[in-house]
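Here the structure is a predicted model, which is why all the values come from computation and not from measurement. One-based numbering along the sequence shown.
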Amino acid sequence: MIFDDYITRQGEIVTGTVQRISGETMFINLGKTEGILSANEQVPGEPYKMNDRLKVFIMDVKKTTKGPQVFLSRSHPGLVKRLFELEVPEIQDGTVEIKGIAREAGSRTKIAVYTEDADVDPVGSCVGTRGSRVQSIVDELNGEKIDIIAWSENPEELISNVLSPAKVENVFANEEEKTATVVVPDYQLSLAIGKEGQNVRLAARVSGW
């Protein structure tokens, strides 16, 4: 019954309580069963204590000799995606679509959103009034930075957007190789690249370029 219940919930978020910690592995009480949050699915630097309540992403459910095992994650990009779906009604009802997401857990996520409705601002919907929607997601992720970007089918525009917060002067896109050369002002260079290359790395992953 537990296996059948949780196998249909793969890719969802559940709230659980830290029940026990064994070495670097945490066991999370999900109510009907216990989930496993292994060291490599935790977020570096997130402090956990016994009985802490936290939201976790159901990554996988397997049948084992010990019974069903539910594998959880806090570092999966799907966690951020689901948090946006819970927080933003326009994503829930399908008006705004998440086109891409790239995450370096505990540090930064870039999420690209799109709508076909000319009256809706997809980025504004996700940010919320005075940043209220995105702030509650940032709080849940212990201060992880989130860049919300407008998706575009035009490669030049998309690549300019995903390199935010850097200002881009020119994009030379090579459609065949899916590569792009980007020109930014000198004083924006380190911002475009980001600390240890993080900004440009996430930009490439979220855009597919």
Side-chain angles (χ1 to χ4, degrees), residues 11-13 15 26 37 39-49 52-57 59 72-92 96-115 120-152 157-169 171 180 182 184-209:
E12 283 184 21
I13 285 183
T15 302
M26 295 197 326
L37 184 62
N40 51 357
E41 293 303 329
Q42 294 170 28
V43 174
E46 270 194 350
Y48 303 109
K49 299 187 300 298
D52 277 356
R53 280 177 69 78
L54 58 148
K55 288 194 170 79
V56 284
F57 181 78
M59 212 171 49
L72 307 171
S73 179
R74 280 280 299 172
S75 60
H76 197 287
L79 178 74
V80 184
K81 188 174 183 215
R82 286 290 188 197
L83 288 171
F84 271 96
E85 287 168 0
L86 293 171
E87 198 62 45
V88 181
E90 291 84 345
I91 294 177
Q92 276 173 26
V96 173
E97 188 186 342
I98 297 172
K99 284 285 204 176
I101 186 162
R103 183 179 188 207
E104 293 192 358
S107 176
R108 192 173 206 150
T109 289
K110 279 186 189 277
I111 183 165
V113 290
Y114 174 76
T115 183
V120 175
D121 168 12
V123 174
S125 304
C126 295
V127 173
T129 315
R130 292 199 295 280
S132 57
R133 289 174 178 175
V134 73
Q135 192 54 50
S136 67
I137 296 170
V138 168
D139 292 345
E140 173 60 42
L141 299 172
N142 291 311
E144 187 171 312
K145 289 188 181 68
I146 299 178
D147 298 343
I148 305 166
I149 296 134
W151 178 269
S152 169
E157 195 178 333
L158 173 63
I159 291 160
S160 293
N161 292 353
V162 295
L163 280 166
S164 157
K167 302 281 176 278
V168 171
E169 288 188 344
V171 176
V182 181
V184 297
D186 285 352
Y187 66 93
Q188 294 267 304
L189 182 62
S190 58
L191 186 63
I193 294 169
K195 190 179 169 197
E196 293 169 356
Q198 185 184 60
N199 193 53
V200 75
R201 199 164 52 239
L202 287 171
R205 288 201 341 241
V206 74
S207 64
W209 279 75

When rounded to the nearest 0.5 Å, the distance separating CG of L83 from OG1 of T109 is 10.0 Å
Any donor and acceptor pair, going by atom type alone, linking the side chain of E144 with main-chain N or O of V138 inside 3.5 Å? no
I need the I13 CD1 to L79 CG distance, nearest 0.5 Å. 4.5 Å
Could you tell me whether the side chain of R103 and the main chain of I111 form a donor-acceptor pair under 3.5 Å? no
So, using side-chain hydrogen bond (donor to acceptor under 3.5 Å, both in side chains) as the criterion, who are the partners of W209 when residues are at least two apart? none
Atom pairs and distances, side-chain donor-acceptor, residues 159-167, under 3.5 Å, sequence neighbours left out:
| residue | atom | partner | partner atom | Å |
| --- | --- | --- | --- | --- |
| S160 | OG | E156 | O | 3.0 |
| N161 | ND2 | A150 | O | 2.8 |

Does any part of the side chain of I98, heavy atoms only, come nearer than 4.5 Å to the side chain of W151, both counted from C-beta? no
Residue pairs passing the salt bridge (charged side-chain N to carboxylate O under 4.0 Å, His left out) test where at least one lies in residues 192-202, sequence neighbours excluded: E104-R201
By salt bridge (Lys or Arg N to Asp or Glu O under 4.0 Å), E87 pairs with (sequence neighbours left out) none
Run the side chain to side chain contact (heavy atoms under 4.5 Å, CB included) check on V113 and V88 step by step: do they pass? CA-CA 12 Å; V113 290; V88 181; over 6 Å; no
For a side chain to side chain contact (heavy atoms under 4.5 Å, CB included) check, start with the C-alpha distance between D147 and N199, then their side-chain angles and the critical distance, and finish with the verdict. CA-CA 10 Å; D147 298 343; N199 193 53; 4.1 Å; yes
With sequence neighbours excluded, what pairs up with K55 under the salt bridge (Lys or Arg N to Asp or Glu O under 4.0 Å) test? E140
State whether the number of non-hydrogen atoms from other residues, nucleotides or ligands found under 6.0 Å of K99 atom NZ is greater than 12. yes
Which heavy atom of L37 sits nearest to which heavy atom of L72, and what is that distance? CD1-O, 3.5 Å
Give, for atom CD of E12 and atom CD of E85, the distance between the pair rounded to the nearest 0.5 Å. 10.0 Å
Contacts of type side-chain contact (heavy atoms from CB on, under 4.5 Å), residue A204, not counting sequence neighbours: none
Partners passing salt bridge (Lys or Arg N to Asp or Glu O under 4.0 Å) against D121 (at least two apart in sequence or in another chain): none
Could you tell me if the side chain of F84 sits less than 4.5 Å from the side chain of I101, heavy atoms only? no
Quick one: side-chain contact (heavy atoms from CB on, under 4.5 Å) partners of N142, sequence neighbours excluded? E46, R74
What residues form a side-chain hydrogen bond (donor to acceptor under 3.5 Å, both in side chains) with N40, not counting sequence neighbours? S38
Can you see whether T115 engages E90 through a side-chain donor-acceptor pair at a distance of less than 3.5 angstrom? no
Inter-residue atom distance K49.NZ - L54.CG, 0.5 Å rounding: 11.0 Å
Pairwise distance CD(Q198) to CD1(I193) - rounded to 0.5 angstrom: 13.0 Å
Ignoring hydrogens, what is the shortest heavy-atom contact between S125 and V120? Give both atom names and the distance. OG-CG1, 3.6 Å
Considering residues at least two apart in sequence or located in another chain, which fulfil the salt bridge (Lys or Arg N to Asp or Glu O under 4.0 Å) criterion with E157? none
Using a 3.5 Å distance criterion without hydrogens, assess whether the side chain of S207 forms a donor-acceptor pair with backbone atoms of A203. yes
Closest heavy-atom pair and its distance - V43, A105: CG1-C, 3.8 Å
Mind checking what makes side-chain contact (heavy atoms from CB on, under 4.5 Å) contact with P89, not counting sequence neighbours? R133
Residues that F57 engages under ring-ring contact (aromatic ring centres under 6.0 Å, His included), provided they are two or more places apart: H76
Let me confirm one number: the NZ-CD1 distance from K81 to I137, rounded to the nearest 0.5 Å. 13.5 Å
